[in-house]
Enquirer: 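Below is the structure I would like to discuss, written out as structure tokens.
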Amino acid sequence: MTAAPTPRPPPESVADLITRARALAGRSVSELAADLGARVPPDQRRAKGFVGQLLERALGATAGSSDRPDFEALGVELKTIPVDGTGRPRESTFVCTIPMSEIAEVDWEQSRVYRKLAHVLFVPIESAPDLPLGARRIGGPVEWRPDEAQERDLRADWDELAGLVGRGDVESVTAHLGRYLQVRPKAAHSRIRGRAPEAEGGWLETVPRGFYLRATFTEAILRAALAPSMIT
DNA sequence: GATTGATCATAC
DNA sequence: GTATGATCAATC
């Protein structure tokens with residue numbers, strides 16, 4: 001029960017990272033917080049990123065608030081994902097903000113979405129409205145790289161959505177668009193403005209937006225990991 | 001009950 | 001203000 005924060009060295013390999021993540025499976029948020037010398041926030045409405053940041057520390061993530069992968073040397077991104085009792089994601093998954101003012105000059109392979117989703121370690125977190133933050137348990141990690149079909153679908157979504165923003169139709173982009181990827185506001189509050197292209201060639205001040213993965217998509221990823229051999 | 005649009009915490 | 005980490009809560 002040491003209270004001093006213990007700096008974790010970064011994992012030396014993907015296998016090392018997964019081994020560490022597996023060692024956390026079954027443990028509760030309060031147990032992990034105690035190990036790291038962190039206090040579990042008393043009001044979970046004000047603790048939205050707490051578990052994700054706790055896992056970063058526990059696993060030795062290096063990127064901090066930079067736009068690099070969480071595990072820079074491995075090129076792996078860490079995502080915690082809240083799941084219900086059946087393992088179904090309870091929320092969409094934030095991917096990245098949209099660089100609206102320059103999105104027209106970016107193609108898929110250069111995009112933040114492509115880079116962020118190239119290699120992800122998902123860590124499910126048991127979650128329910130009536131389950132206190134500290135009592136939530138950490139699940140087994142799921143390493144994921146998009147397969148051919150998944151990348152094709154994500155790219156199609158990105159082409160459509162980024163295309164709309166890039167050609168000045170940002171105001172017509174709602175969260176209804178996109179099969180697996182969607183665009184939603186991403187800001188501290190709705191009065192924040194960013195700059196997006198206007199169809200007429202000028203600039204429009206509008207709320208900053210981000211790309212999110214729909215829960216149907218992450219559900220398929222988690223489900224596939226639980227049924228590794230559906231061939232035959 | 002699922003989904004969309006809005007919001008919260010922290011570091012720099 | 002930027003980025004990171006996300007979930008909340010009003011609405012469909």
Enquirer: Considering heavy-atom distances to DNA chain C, does R90(A) or R68(A) have its closest nucleotide positioned more toward the 5' end?
Expert: R68(A)
Enquirer: Looking only at side-chain atoms of D70(A), point me to the closest of dT4(B), dA3(C), dT4(C).
Expert: dT4(C)
Enquirer: Return the orientation label for the W144(A) and F122(A) ring planes: parallel under 30°, perpendicular over 60°, tilted otherwise.
Expert: tilted
Enquirer: Between dT2(C) atom C1' and H189(A) atom NE2, what is the distance in whole Å?
Expert: 14 Å
Enquirer: More than 12 non-hydrogen atoms from neighbouring residues, nucleotides or ligands closer than 6.0 Å to CD on E72(A), yes or no?
Expert: yes
Enquirer: Return the CG to CG distance between D16(A) and L59(A), rounded to the nearest 0.5 Å.
Expert: 10.0 Å
Enquirer: Contact class for R88(A) vs. all strands (heavy atom < 4.0 Å): base, sugar-phosphate, or nothing?
Expert: nothing
Enquirer: How many whole angstroms separate atom OH of Y212(A) from atom C1' of dT4(B)?
Expert: 10 Å
Enquirer: Are there more than 12 heavy atoms of other residues, nucleotides or ligands under 6.0 Å from atom CZ of R45(A)?
Expert: no
Enquirer: Please check the phosphate of dT7(C) (OP1 and OP2 only) for any side-chain N or O of S92(A) closer than 4.0 Å.
Expert: no
Enquirer: Can you work out whether Q44(A) or V95(A) has the more 5'-proximal nearest nucleotide on DNA chain C?
Expert: V95(A)
Enquirer: Expressed in angstrom and rounded to an integer, what is the separation of F211(A) atom CZ from dA6(C) atom P?
Expert: 18 Å
Enquirer: So, does R209(A) get its side chain near the phosphate of dT4(B), meaning an N or O under 4.0 Å from OP1 or OP2?
Expert: no
Enquirer: Classify S127(A) by what it touches in the nucleic acid, base, sugar-phosphate, or nothing, heavy-atom distance under 4.0 Å.
Expert: nothing
Enquirer: Side-chain N or O of K79(A) less than 4.0 angstrom from OP1 or OP2 on dT4(C)?
Expert: no
Enquirer: Please work out if A215(A) contacts a base, only the sugar-phosphate, or nothing of the nucleic acid, heavy-atom cut-off 4.0 Å.
Expert: nothing
Enquirer: Could you tell me which non-hydrogen atom of V207(A) sits nearest to which non-hydrogen atom of P185(A), and how far apart they are?
Expert: CG2-CB, 4.4 Å
Enquirer: Can you measure I81(A) atom CD1 to dG5(C) atom C1' for me and round it to whole angstrom units?
Expert: 14 Å
Enquirer: Run the side-chain donor-acceptor check on residues 98-109 of chain A: report pairs under 3.5 Å with partners two or more places apart or on a different chain.
Expert:
residue, atom, partner, partner atom, Å
D107(A), OD1, Q110(A), N, 3.3
W108(A), NE1, E151(A), OE2, 3.2
E109(A), OE2, R155(A), NH1, 2.9

Enquirer: Please give the angle, rounded to 10 degrees, between the axes at the start and the end of the helix from dG1(B)-dC12(C) to dC12(B)-dG1(C), where five pairs define each axis.
Expert: 30°
Enquirer: Would you say dT4(B) has OP1 or OP2 under 4.0 Å from some side-chain N or O of R214(A)?
Expert: yes
Enquirer: Rounded to whole Å, how long is the line connecting atom CZ of F50(A) with atom C1' of dA6(C)?
Expert: 13 Å
Enquirer: Would you say H119(A) and E143(A) are linked by a side-chain donor-acceptor pair, where the criterion is simply a distance under 3.5 Å?
Expert: yes
Enquirer: Nearest whole angstrom, please: distance from the P of dT4(C) to the CD of E77(A).
Expert: 8 Å
Enquirer: Can you check nucleotides 9-12 of chain B for protein contacts, nitrogen or oxygen pairs under 3.5 Å, and list what you find?
Expert:
residue, atom, partner, partner atom, Å
dA9(B), OP1, R46(A), NE, 3.3

Enquirer: Output the rounded distance in Å from CZ (R191(A)) to C1' (dG5(B)).
Expert: 16 Å
Enquirer: In terms of hydrophobic clusters joined by side-chain contacts under 4.5 Å, are V95(A) and V183(A) together?
Expert: yes
Enquirer: To the nearest Å, give me how far apart CD (E205(A)) and C1' (dG1(C)) are.
Expert: 14 Å
Enquirer: Quick one: label P82(A) by what it contacts on the DNA or RNA (base, sugar-phosphate, nothing), any heavy atom closer than 4.0 Å.
Expert: sugar-phosphate
Enquirer: Hey, is the side chain of T80(A) poking within less than 4.0 Å of OP1 or OP2 on dA6(C), counting only N and O atoms?
Expert: yes
Enquirer: Check the surroundings of atom CZ in R20(A): do more than 12 heavy atoms from other residues, nucleotides or ligands lie under 6.0 Å from it?
Expert: yes
Enquirer: Got a sec: does the CZ of R137(A) have more than 12 other heavy atoms crowding it under 6.0 Å?
Expert: no
